[in-house]
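Bear in mind the structure is a predicted one, so any value in this text is a computation, not a measurement.
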Amino acid sequence: MDNSKRTVVVTGFGPFGEHTVNASWVAVQELKKLGLGSEVDLHVSEVPVEYQTVQSLVPSLWKQYHPLLVVHVGVSGMATTVTLEKCGRNHGYKGLDNSSFCPDSQCCIVGGPDCIDSVIDMESVCKRVTASGLGVAVSVSKDAGRYLCDFTYYTSLYLSHGRSAFVHVPPLGKPYSGEDLGRALKAIIQEMLELLDQAEEKIHCQQHFH
């Protein structure tokens with residue numbers, strides 16, 4: 001294994017409801033074309049809008065790739081900006097998925113904490129990307145919506161002890177194209193990796209002094 005390369009996994013969702021073309025998967029495919037630079041090994045995966053598939057697919061991505069970071073991308077019909085989600089929530093899943101299923105427990109992980117925050121400071125990522133003059137508006141949210149997006153995010157945060165991120169994108173053309181969203185994802189994920197690097201360095205320095 002080439003240790004100089006860092007692995008990042010990015011997922012988007014398949015079609016559901018009126019989203020016959022899911023902007024999140026289009027954005028992730030655009031990101032794949034752009035890449036994250038020569039030092040990052042990028043893997044992408046399309047996630048079906050089904051609770052039970054998420055429960056098996058998310059752990060298998062962590063197991064298969066041992067990524068430094070997993071970023072899940074979803075579409076929100078209400079979003080007008082690219083939105084960075086700070087946390088995932090465990091309870092309140094009542095909406096039926098594409099196979100008309102909903103977990104009996106209405107939660108992600110029975111006995112898990114109510115809310116898990118990402119280790120990544122989303123406010124900081126938002127500020128940095130906004131300052132870079134990308135031409136795509138970015139905002140931060142604390143509520144990923146209690147559907148498959150939130151369910152996937154919480155599951156990933158739980159497995160990774162917070163080393164996951166979730167990005168909501170608006171539907172295509174409202175106002176951004178798939179290319180715009182792909183560029184935004186690239187800028188956002190590069191900032192996230194930068195922050196993770198800084199956190200690692202801090203830990204190393206502290207260990208060095210003790």
Is the shortest side-chain heavy-atom distance between [X] and [Y] below 4.5 Å?
| X | Y | result |
| --- | --- | --- |
| Val119 | Leu196 | yes |
| Leu181 | Pro170 | yes |
| Val44 | Gln29 | no |
| Cys107 | Tyr154 | no |
| Leu195 | Arg128 | yes |
| Leu84 | Val129 | no |
| Val47 | Thr53 | no |
| Glu50 | Ser56 | no |

Original post:
Mind checking whether Val73 and Val21 sit in one hydrophobic cluster, side chains of I, L, V, M, F, W, Y counted as touching below 4.5 Å?
Top reply: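 Yes; tracing contacts between hydrophobic side chains, which count when under 4.5 Å, links both residues.
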Original post:
Linking I/L/V/M/F/W/Y whenever any side-chain heavy atoms sit under 4.5 Å apart, do Phe101 and Phe151 land together?
Top reply: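 As far as the 4.5 Å side-chain criterion goes, Phe151 and Phe101 are connected within one cluster.
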Smallest separation among heavy atoms of [X] and [Y], with atom names:
| X | Y | value |
| --- | --- | --- |
| Gly178 | Val26 | CA-CG1, 4.0 Å |
| Val136 | Ala184 | CG1-CB, 3.9 Å |
| Phe13 | Gly74 | CD1-CA, 3.8 Å |
| Pro175 | Thr80 | CD-O, 3.8 Å |
| Ser118 | Tyr153 | CB-OH, 3.3 Å |
| Trp62 | Ser156 | NE1-OG, 3.1 Å |

Subject >> Side-chain (Asp180) to main-chain (Ser177) donor-acceptor, under 3.5 angstrom >> reply: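 Yes, the answer is positive, given that a donor and an acceptor are paired below the 3.5 Å cut-off.
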Original post:
Do Asn90 side-chain atoms and Cys108 backbone N/O form a donor-acceptor pair below 3.5 Å?
Top reply: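 Judged by distance alone, yes, a pair lies under 3.5 Å.
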**OP:** Would you list the pairs meeting ring pair (Phe, Tyr, Trp, His ring centres under 6.0 Å) in which at least one residue belongs to residues 24-49, sequence neighbours left out?
**Re:**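 Residue pairs with at least one partner in residues 24-49: His43-Tyr65.
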**OP:** Going by the side-chain contact (heavy atoms from CB on, under 4.5 Å) test, name the single residue among Val70, Ile116, Ile109 that passes it with Leu157.
**Re:**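 Only one of Val70, Ile116, Ile109 forms a side-chain contact (heavy atoms from CB on, under 4.5 Å) with Leu157, namely Ile116.
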**OP:** Would you sort out whether Ser76 and Thr83 count as a side-chain contact (heavy atoms from CB on, under 4.5 Å), showing the intermediate values?
**Re:** CA-CA 9 Å; Ser76 165; Thr83 310; over 6 Å; no
So how far is it from [X] [atom1] to [Y] [atom2], rounded to the nearest 0.5 Å?
| X | Y | atom1 | atom2 | answer |
| --- | --- | --- | --- | --- |
| Arg163 | Leu68 | CZ | CG | 6.0 Å |
| Thr11 | Leu57 | OG1 | CG | 8.0 Å |
| Gln55 | Thr155 | CD | OG1 | 6.5 Å |
| Glu191 | Ser124 | CD | OG | 7.5 Å |
| Ser99 | Gln52 | OG | CD | 6.5 Å |
| Arg6 | Glu39 | CZ | CD | 6.5 Å |

**OP:** Hey, can you tell me if Tyr93 and Tyr51 have their rings parallel, tilted or perpendicular (30° and 60° cut-offs)?
**Re:**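 Perpendicular, since the angle between the ring planes exceeds 60°.
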Original post:
Parallel, tilted or perpendicular for Tyr147 and Phe16, by the 30°/60° rule?
Top reply: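 It falls in the tilted class, 30° to 60°.
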**OP:** Return each pair, listed once, that meets salt bridge (Lys or Arg N to Asp or Glu O under 4.0 Å) where at least one residue sits in residues 138-148; pairs must be two or more places apart or across chains.
**Re:**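 Of all non-adjacent pairs touching residues 138-148, those that pass salt bridge (Lys or Arg N to Asp or Glu O under 4.0 Å) are Asp143-Arg146, Arg146-Asp150.
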**OP:** Please test Lys186 against Gln190 for side-chain contact (heavy atoms from CB on, under 4.5 Å), starting from the C-alpha separation and ending with a verdict.
**Re:** CA-CA 6 Å; Lys186 178 174 180 172; Gln190 284 176 327; 3.5 Å; yes
Original post:
Between Ile189 and Leu31, does a side-chain contact (heavy atoms from CB on, under 4.5 Å) hold up when you go through it step by step?
Top reply: CA-CA 10 Å; Ile189 296 168; Leu31 169 70; 3.8 Å; yes
**OP:** Would you check, one step at a time, whether the test side-chain contact (heavy atoms from CB on, under 4.5 Å) holds for His72 with Val54?
**Re:** CA-CA 11 Å; His72 303 287; Val54 166; over 6 Å; no
Original post:
Does a side-chain N-to-carboxylate-O contact under 4.0 Å join Arg183 and Glu30?
Top reply: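 Answer for the salt bridge query: no.
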Original post:
Have His168 and Ser141 got a donor and an acceptor in their side chains that come within less than 3.5 Å?
Top reply: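 His168 vs Ser141: no donor-acceptor pair found between side chains.
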